[in-house]
Amino acid sequence: MKCSIPNRLPWICTLKVDNMFKFKTPSKKTLEIMSEVAKGNLKDDFEIRCCEKITDLTSHEFVKVTSSGNNSIFISLSSVEGDIIVPDQGGWHGFKQIAKFLNKNIITLKTDSGIINPKYLDDLDIPDKSALIFTSFAGYCGEQDIKDISKYCKSNNIITIEDASAGIGDKKHALGNGKYSDIIIASTGSPKMINVGSGGFISTNNKEFFDRTSLPQKLSKTNNIICSGIDNELDLVEENLELTLNATKYLKNNIGRTLHAKRRGVNVIIPNENAKEISWNLKKSLPINKSGFITTCPNYNRVKQKAIAIEIKNLSYDCLKKEYLDKIIKEVRINNLL
């Protein structure tokens, strides 16, 4: 077809415009509610409503809405008296950056391509009251065995801090569950599962945690507009996470040689020595309206080896239908990644 879209590269026309992949945005209702609050037409205390819903999701008694995911990390790590344990890959680079800023001693934990095996903690000299911080999914690709991690840490006086930005709303209650994780944090920025563009939260059953962190909490205030968006997105998060998990599972079942193929995840990582060139080819043949959903590794936030990451979590839920997923599989096949 002839391209009629201005300021676009020619390869953008390899798909019809109406079939182009779309980057995830907040739901229409979320945007409408935030707009009404901004105009002063809605005056509910949405922060209280958010906290009640987060309590229901996490089973944690105490909840704080924050200005961002990184602020949630900052508050959480500032409360830790011992060392900060971070995975050697598959986490979030902010864990290490914020720990360094707080002048905390950092212990790097060996993992199996991001998956935490508690037995590796036995090899480390860990002071009492240290904390292990990790994400629900290693590199967004493989579900962590949080129940086993929690059991080990509780037996060894290690605090568990789960970044559940991608795992909140798990219908199986394996992720973002306060029964297992001592502290749960999340970002509600874009393109997270609770997708507002800003904000975050912390939850815990330890009231002293919030007493000890009153000062950094004051530096992390949000507003009622953001809270109204989070409030509505919380109503959608269980279904949205399930859609994302199912789409990723479909791709893993139809693409060979994926990392953590049998584990739940919200992206697909395909190890390959020619990752840079192949990712470029995929970006050309799978255009998206803005930002992207094809990334390359090595990358601390994913895995350290050469690989292509297909970020299903970044896509609009309309693009998680079979017809779009089959396009991804077709292009993966063309590039000999199956």
Side-chain angles (χ1 to χ4, degrees), residues 1-27 90 114 137-142 165-166 189-193 195 197 240-261 263-299 301-303 305-338:
M1 65 178 267
K2 183 178 179 181
C3 183
S4 60
I5 306 176
N7 301 319
R8 297 279 189 181
L9 294 174
W11 51 260
I12 207 75
C13 299
T14 57
L15 288 178
K16 292 181 180 179
V17 173
D18 57 352
N19 285 333
M20 185 187 301
F21 287 88
K22 297 178 180 64
F23 196 77
K24 183 193 294 181
T25 59
S27 73
F137 301 101
Y140 291 111
C141 178
S165 300
S190 178
K192 301 299 189 296
M193 295 313 304
N195 186 32
N240 286 343
L241 177 58
E242 191 73 6
L243 285 170
T244 308
L245 291 170
N246 288 338
T248 305
K249 181 179 180 180
Y250 180 79
L251 289 179
K252 286 185 174 182
N253 287 342
N254 287 278
I255 297 174
R257 301 193 297 269
T258 61
L259 193 66
H260 306 314
R263 291 176 180 264
R264 295 192 300 168
V266 293
N267 75 1
V268 176
I269 296 180
I270 310 168
N272 192 282
E273 286 298 312
N274 198 24
K276 189 173 182 180
E277 180 180 345
I278 291 173
S279 68
W280 176 242
N281 291 338
L282 291 174
K283 288 177 184 179
K284 289 190 291 183
S285 59
L286 299 170
I288 188 167
N289 63 336
K290 65 174 184 176
S291 297
F293 74 107
I294 310 293
T295 61
T296 56
C297 306
N299 178 347
N301 298 338
R302 302 298 183 269
V303 289
Q305 65 193 103
K306 291 182 179 180
I308 300 100
I310 303 173
E311 307 290 344
I312 300 305
K313 65 180 182 60
N314 290 7
L315 293 176
S316 164
Y317 298 109
D318 290 338
C319 294
L320 301 187
K321 298 173 183 176
K322 185 175 182 296
E323 62 185 277
Y324 286 93
L325 301 179
D326 285 342
K327 288 174 185 175
I328 294 173
I329 294 167
K330 177 183 176 182
E331 293 303 324
V332 166
R333 181 179 290 113
I334 289 171
N335 284 277
N336 297 315
L337 288 174
L338 287 177

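As the structure is a prediction and not an experimental result, all values here were calculated from the model.
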> Taking all non-hydrogen atoms of both residues, which atom of A307 and which atom of P271 are closest, and how far apart?
Replying inline: CB-CA, 3.6 Å
> Hey, mind stepping through I310 and V332 against side chain to side chain contact (heavy atoms under 4.5 Å, CB included) and telling me if it holds?
Replying inline: CA-CA 10 Å; I310 303 173; V332 166; 4.1 Å; yes
> Tell me, do T244 and L315 make a side-chain contact under 4.5 Å, heavy atoms counted?
Replying inline: no
> Of the non-hydrogen atoms in S190 and N195, which two are nearest, and what is the gap between them?
Replying inline: CA-OD1, 3.2 Å
> When rounded to the nearest 0.5 angstrom, what distance separates CH2 in W280 from CG in N335?
Replying inline: 13.0 Å
>> When you compare the side chain of I329 with that of L251, does any pair of heavy atoms fall below 4.5 Å?
In response: yes
>> Applying ring pair (Phe, Tyr, Trp, His ring centres under 6.0 Å), can you list everything that pairs with F293, at least two apart in sequence or on another chain?
In response: F21
>> Within the structure provided, determine whether N240 and M193 are in side-chain contact (heavy-atom separation under 4.5 Å).
In response: yes
>> Testing the basics here: between G265 and L245, what is the closest heavy-atom pair and its distance to 0.1 Å?
In response: O-CD2, 3.4 Å
>> Can you see whether Y324 has K327 sitting over its ring - NZ or CZ less than 6.0 Å from the centre and within 45° of the normal?
In response: yes
> What are the two closest heavy atoms between A275 and C297, and how far apart are they?
Replying inline: CB-O, 4.4 Å
> Do S27 and Y317 come close enough that some side-chain heavy atom pair is under 4.5 Å?
Replying inline: no
>> Measuring only between side-chain heavy atoms, which start at C-beta, is P298 closer than 4.5 Å to K306?
In response: yes
> Is there a side-chain contact between L259 and Q305, using heavy atoms and a 4.5 Å cut-off?
Replying inline: yes
>> Contact between I328 and I312 at the side-chain level, heavy atoms closer than 4.5 Å - yes or no?
In response: yes
>> I need the S279 OG to I308 CD1 distance, nearest 0.5 Å.
In response: 6.5 Å
> Got K252 and C141 here, is their nearest side-chain heavy-atom distance under 4.5 Å?
Replying inline: yes
>> My understanding is that only residues two or more places apart in sequence, or in another chain, count here; which of them pass side-chain hydrogen bond (donor to acceptor under 3.5 Å, both in side chains) with T295?
In response: E311
> Distance from K192 atom NZ to K24 atom NZ, nearest 0.5 Å?
Replying inline: 9.0 Å
